[in-house]
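Notes to accompany the following structure.
Protein chains get the first letters and strands the later ones, always in sequence-line order, with residue 1 at the start of each.
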Amino acid sequence: MSKVLGNTLLILVIGLLTLPGIQRREQFIHTHMLWGAYTPATNPDFFDSFWFSGDYQLQKTRWINETNGFKNDFVRLYNQIDFSLFGLPHATGIIVGKKRYLYYVEGIFNLTGRNVFDSSYYSSTANRYKRLQEFLMDRHGIPLLLILAPDKASFYPEYIPSRFLKNTKTPTKYSSWVHALEDAQVPYLDFNRYFRLMKDTSRYHLYPKNGSHWSSYGALLAFDSLHRYLQKKYNIRLPDRIQEGVNTTQELFDDNRDLSRTLNLIWEPAHPSMDYATYYFTPLDTLKKLNLLVVGDSYFWQWIHPGIIQNNFSHYHFWYYNQGVYPESKKKYLNAYTLDLHETIPHYDLILLLQSTGAYLDIGYGFIERACCEFFYKERLDDYMNQIRNSEKEFARVQQKAADKGLPGETVLCREAISRVFDEIKKQKR
Amino acid sequence: MIFNTSLFLLYFLPVFLILYYLLAWIPRSWPKNTFLLLVSIFYYAWGAPLFVFVVIGSVLADFFILKEVSRSQGGKRKALFWLSVVMNLGLLLYFKYMNFFVDQFNDILSWFGSPPAQWTKIALPIGISFITFQKLSYTFDVYKGRHAVVRRLHDYALYIFMFPQLLSGPIVRVGQIYDQILNRKAQETSNERLIGFYRFVIGLAKKVLIADVLGVTVNEIFALNSLELSSSLAWVGAIAYTFQIYFDFSGYTDMAIGLAKMAGFRLPENFNFPYISTSITEFWKRWHITLSLWLRDYLFLPIAYSASRKLKKDKYLGIRTDKILYIFAAAITFLLCGFWHGAAWTFIFWGGYMAFFLILDRLFLMKWMKKAGRVPAILLTFFFLVIGWVIFRSESLDFAYFYLCRMFLFVTMPNEIWLNSKFWTMLVIAICFSFWGVWKRIERWSEKLFSTPKSLTVILMTVAAILLFILSEATITSSGFSPFIYFRF
């Protein structure tokens, strides 16, 4: 081997080793950001951190690992190789099923009967929901409707990896909720059942292979059903949707690929073509457009992003997981727990609780409990909240809990007080 | 600062290489040696910010003590020799073993119903075992006259501190490297440096792409309790660990040898397809070679020699004296070898386990293995090694007993752990790469490939090494990165 060739290759090798460091400083190659929520490492300050304990070195090593110039590309390369060759996902909570169908793990757990509480929990929540529903209708004329969004695991159980189905138990969270709601005789919409019924007959895909939510077409069908239900049950008129056609395309809108996007791959996993309806809504000049409040999760975004909600309601608020208030929080974060329900709620004409069966943490994400406390046990709630605020120890504990969970302090304080109110009521009933 | 981090690979290494190669243009050795020494001290200080001062102090002390040893005779020479040995062993005993001794002492106290002695646990400084053995080898070699004392302090300091082999070996004797410290121009060619890079990348891939992948599943399996661990899973864990430890350690050694080569040094080999051994005796000629040679030269032979001076007869109780000496020296050597690996009874037991087979080999087992044929001998030796690694891996002797019982009692239960296809793929690759040394042709081919490569071969190997490096760095960067779909709530 010639000396020139050897030196050239050596210079090439060393040059390549320096590239990530140069890229970090100069950003001469554009790289796409990574998706998903994660806590980034912090760059330690040499004078703040302690060298002799090894803290500085540990933090610096982590920070450099996370901020090397080609980190995003390295992550994508690694993820793509693992996904393509071994079907392994590198995102928390995502499961790769048969034929590379993607799932959110909670939905699978719910389908297989994990994390089910005692039936009394479901029945007491259902009863609170009923009481709140009746109160809002009687006192303010506001319909409150719980919508159970469909769940991909229930819709596509055939692609769930067998290792998850080995220890299936009943009841499941979903069946527990349905049972409790039926027992309490409260009106609710069950899109989980509706979608399963439509699965074999629908011309278009109701669930995307690479996403965790209903497809764009599925979301539209669901809204149509909601429209009919509201009209029939509450005599609420909404604009009519006129469908012009359906485009079938290989292109996936972001709402239909939230799981694959979070996998941070180089290319989109293979997927069937998706169906996007083209439509318009008839104007509602002669009809009063309503003011809508939705408390729920990310399923609702697929009613917002295509403009469905904006075309049907004069104004809306979306309390995302009963925390961030949208659209305000797009500019500056507004926490729902800082709003006075007595002042806020009466302004709405309709309140929807949109609950995905894949989550089912609490029905309404705590809204039902908070509203019940605010409307029925206001004094007790205020007492407990003041108790916590006035006790240094309690307040510090709540603040620490909030910091640990990454939640606003006011949210945790309110939830703590709500929990104490219901504990007290439970004790009194005994 | 370990080799398989982005900090080392993408910042430390390129900066070091650029400056080092610029200094290598200067005809004399001292600029690049001084630079290498300072960088090595910084490298060690990064991981051991306090202990680095202890090592610097002991290097200074050893340098002057041994300089005096080389000038002295008789009692003074012996006293200084023992001063160096006690100082080095003392540091090792204190920093590595004091916690263990105190724990044993407290166990004894508790048998008698006494309260435990108060003791603040000492953190184990990185690389202390290797540094100590390397320094002791120098002490012995100078005392015995096998090697002249190193005249310049910075040469001796470089011998000890040189960062490629500082933390995990290979254990280098001064005779193997001193001439290179003084002059290594012949090895500072682009060909050698490139081969060093290839070796480094191979080691990195072994560690990151194979060992670490196996390690994830091994850790899960070894964390199972009696209600969760089936026999089949126990075997999978044991075999996977057997390959994990080999690829982890040999990978690190490859990186050390590769880095040293990039700096113009040739370090001794440490592994030679250990799992194709036909006996435990052969295993120790192929596994951690520099350690076993160190043990042979500085422990086994002196013990055997000292004992031989006390045993005058040819036979005792019908056993030949040379066999008795072997048994005695092997037992002590390998019990200490086990203890050197870690301050726990499992390591001592593992050392004893190895000694047991070495003794059996000497008595009759090697002859049986030879008669059985090469393949059965390899398989049987491998089986014994797997058992040994279970003991080595276990947190306690109780756990080792539980795990081994589980392996042999054919307990069936549903598998709690998902053994994904990546794990199986890496295990198969590990098995292939571990055993392909059985074919001499492959060994000859790889020697030829690395010794006199043609231009096209070098280009292809460079491209392959770069791709392997990118893959390894991608794995390092991505480890631990597992975002949530949405914000945590």
When heavy-atom pairs shorter than 4.5 Å are enumerated against chain A, which of Y11(B), F197(B), W418(B), W424(B) gives the highest number?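 Between Y11(B), F197(B), W418(B), W424(B), the count favours W418(B).
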
Contact winner vs chain A - S6(B), A465(B), G47(B), S479(B), heavy-atom pairs under 4.5 Å: S6(B)

Just say parallel, tilted or perpendicular for the rings of F53(B) and F52(A), cut-offs at 30° and 60°. tilted

Using 30° and 60° as the class limits, which term best fits the ring planes of F8(B) and F200(B): parallel, tilted or perpendicular? tilted

Under a 4.5 Å cutoff for heavy-atom pairs, which residue among [options] has the most contacts with chain B?
options: L16(A), T18(A), L19(A), N68(A); value: N68(A)
options: I64(A), L34(A), N167(A), N65(A); value: N65(A)
options: T411(A), L58(A), I11(A), V75(A); value: V75(A)

Under the side-chain contact (heavy atoms from CB on, under 4.5 Å) rule, collect the residues that match up with A336(A), sequence neighbours excluded.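 Per chain and number, A336(A) pairs via side-chain contact (heavy atoms from CB on, under 4.5 Å) with W319(A), N322(A), V325(A).
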
Ion pair R415(A)/E410(A), N-O distance below 4.0 Å: no

Side chain / backbone / both / neither for [X] at chain A, heavy atoms under 4.5 Å:
X: L456(B); answer: neither
X: T5(B); answer: side chain
X: F469(B); answer: side chain
X: I466(B); answer: side chain
X: T462(B); answer: side chain
X: T457(B); answer: neither

Is a side-chain N or O of R199(B) found less than 3.5 angstrom from the main chain of L259(B), in a donor-acceptor match?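 It does not hold such a pair.
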
Examine whether an atom of [X] lies under 4.5 Å from a heavy atom of chain B, and if so say whether it belongs to the side chain, the backbone or both; otherwise answer neither.
X: L77(A); result: side chain
X: D82(A); result: side chain
X: L12(A); result: side chain

Row check, F70(A) ring normal vs R24(A) NZ/CZ: under 6.0 Å, within 45°: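 That pair does not qualify as a cation-pi contact.
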
Should the pair R193(B) and Y21(B) be classed as cation-pi, given the thresholds of under 6.0 Å to the six-membered ring centre and 45° from the axis?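 Pair R193(B)/Y21(B) counts as cation-pi.
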
So Y320(A) and F318(A), ring-ring contact (aromatic ring centres under 6.0 Å, His included) or not? Walk me through it. CA-CA 6 Å; Y320(A) 190 26; F318(A) 175 36; 5.5 Å; yes

For a side chain to side chain donor-acceptor pair (under 3.5 Å) with S212(A), tell me which candidate from D258(A), D151(A), T262(A) qualifies.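 Among the candidates, only D258(A) passes.
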
